[in-house]
Amino acid sequence: MFDDAGSARMLEAFEQRYTTRYPVDTEAGQKVAHAEIHERQFWFRERYVPWLDSVVSLRGARVLEIGSGNGSSTVALAEAGAVIDALDVDADGLMMAVPRAELCGVRHQIQFQVGDAADVAELFPAKSHDVIAYLAALEHMTFAERTTSLQQAWTMLGPGGILVIADTPNRLWYFDDHTSFDNYFHWLPDDVALSYVRIAPRRDFGGDFEASDAALRLTRWGRGISYHDLMIAIGEDVLQLYVSGEWDFRRQRDPDFATWWSGTTQGRYQALLREISPEVPSGFLEPELAVCLRKPA
């Protein structure tokens, strides 16, 4: 994503951001650094932005991104022409987000702000946004935090506004490739998950689950959500508000991918979910939630 000088600057920012958790002199640290500096931005730029742009033109669009993190998705949206208010609870994310935006020439399009997603209405009381986006964000919130934030965000959107949720693990899916790297983890009650995660295939949690706030730390690592959360936060008509899903967009754009996918275990499982729940839009039955909802005019 960057030339040598830019990569060096981003690596320095990464080291400041993750000084102790991911040392760059280790193989694991180098892998995480490459993902956070290059891969995630590429992924948002090449996968999610074309889909979103097919739903609502991002050129000049006013976007509120809740949970902007290290700025990978923020910069990808700005490169497509959006003007963005980027909110994140963790000020440390700015260590990477600001230089990323500067290197990509879009810093002037982004207003970074530190704050809690559950206070979004208070933080942006007089602003109007065409799009409010949660990109790789909702899964890291407690149930109360995401419900409150979604309720506020939906109220803030004007008629015809778009709510975007993407890159969020779907709790209906059988495999968790986000936190535990194991089958069925999404389905476990929180107390069972907290005990099981200590023996799950993934081993790089450090001492997080020996701490007194282990339950909260598990939430921050990420737990899958589903359309049920949105029905609780926004209303029972959520399924009728569905406009588009990224997975269907990708299959339409790439017939070879669609053919391959249908023959995989995942594709067969997704087909089974659609058979069981034909009333649920397909975007809610994929490995991850990547959906757009439109507020009625």
Side-chain angles (χ1 to χ4, degrees), residues 1-18 33-117 119-137 140 149 152-153 156-158 160-167 246 290 292:
M1 299 303 301
F2 304 100
D3 61 18
D4 289 346
S7 294
R9 184 178 176 191
M10 289 302 299
L11 183 60
E12 181 181 358
F14 175 88
E15 290 183 280
Q16 292 176 329
R17 172 83 167 89
Y18 298 106
H34 190 268
E36 289 296 326
I37 294 171
H38 302 285
E39 292 175 8
R40 289 183 60 78
Q41 186 174 331
F42 176 84
W43 196 244
F44 281 107
R45 176 192 283 174
E46 298 298 321
R47 179 175 172 185
Y48 295 110
V49 165
W51 162 59
L52 293 178
D53 205 40
S54 75
V55 177
V56 55
S57 176
L58 292 174
R59 178 67 53 188
R62 297 160 300 173
V63 176
L64 170 57
E65 183 186 9
I66 302 175
S68 54
N70 292 336
S72 298
S73 50
T74 315
V75 166
L77 290 167
E79 288 176 329
V83 178
I84 305 164
D85 287 307
L87 176 68
D88 199 90
V89 71
D90 187 358
D92 287 349
L94 297 180
M95 294 180 186
M96 294 185 69
V98 170
R100 186 191 304 276
E102 292 172 349
L103 287 168
C104 293
V106 294
R107 179 66 182 89
H108 63 289
Q109 295 168 234
I110 305 169
Q111 181 66 46
F112 291 106
Q113 185 161 338
V114 177
D116 198 304
D119 299 326
V120 63
E122 180 181 341
L123 293 168
F124 301 94
K127 287 203 172 184
S128 175
H129 298 93
D130 304 304
V131 177
I132 298 181
Y134 296 84
L135 307 176
H140 301 290
S149 185
Q152 294 180 24
M156 292 166 65
L157 273 177
I162 297 293
L163 179 70
V164 181
I165 297 163
D167 201 23
E246 189 277 333
C292 288

Hey, is the main chain of [Y] close enough, under 3.5 Å, to the side chain of [X] for a donor-acceptor pair?
{"X": "D3", "Y": "G6", "value": "yes"}
{"X": "D116", "Y": "V89", "value": "no"}
{"X": "D53", "Y": "L58", "value": "yes"}
{"X": "R9", "Y": "R100", "value": "no"}
{"X": "D88", "Y": "V114", "value": "no"}
{"X": "Y134", "Y": "S149", "value": "yes"}

Exercise: do S72 and E36 side chains pair donor with acceptor under 3.5 Å =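 Absent: no donor and acceptor within the cut-off.
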Does either side chain, that of R17 or that of N70, offer a donor lying less than 3.5 Å from an acceptor on the other one?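 Judged by distance alone, the side chains do pair up.
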- Task: Considering non-hydrogen atoms only, spot the tightest contact between R107 and V98 and give its length.
- Result: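 Heavy-atom minimum between the residues: NE-CG1, 3.9 Å.
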Would you name the heavy atoms of G115 and L87 that are closest together and state the gap between them?
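In terms of heavy atoms, the two residues are closest at N-CD1, 3.4 Å.
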(Q) With heavy-atom distances below 4.5 Å as the criterion, would you say the side chains of V131 and V56 are in contact? (A)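 Yes - at least one pair of side-chain heavy atoms lies under 4.5 Å apart.
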- Message: Contact between D130 and V63 at the side-chain level, heavy atoms closer than 4.5 Å - yes or no?
- Response: no
- Message: Can you confirm whether E122 is buried at CD, in the sense that more than 12 heavy atoms of other residues, nucleotides or ligands lie under 6.0 Å from that atom?
- Response: no
- Please test R40 against D167 for salt bridge (charged side-chain N to carboxylate O under 4.0 Å, His left out), starting from the C-alpha separation and ending with a verdict. CA-CA 11 Å; R40 289 183 60 78; D167 201 23; 3.8 Å; yes
In Q109, E65, Q41, the residue satisfying side chain to side chain donor-acceptor pair (under 3.5 Å) with T74 is E65
Subject >> ring pair (Phe, Tyr, Trp, His ring centres under 6.0 Å) partners for F14, two or more places apart >> reply: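 With sequence neighbours excluded, F14 shows a ring pair (Phe, Tyr, Trp, His ring centres under 6.0 Å) to Y18, given in chain and number order.
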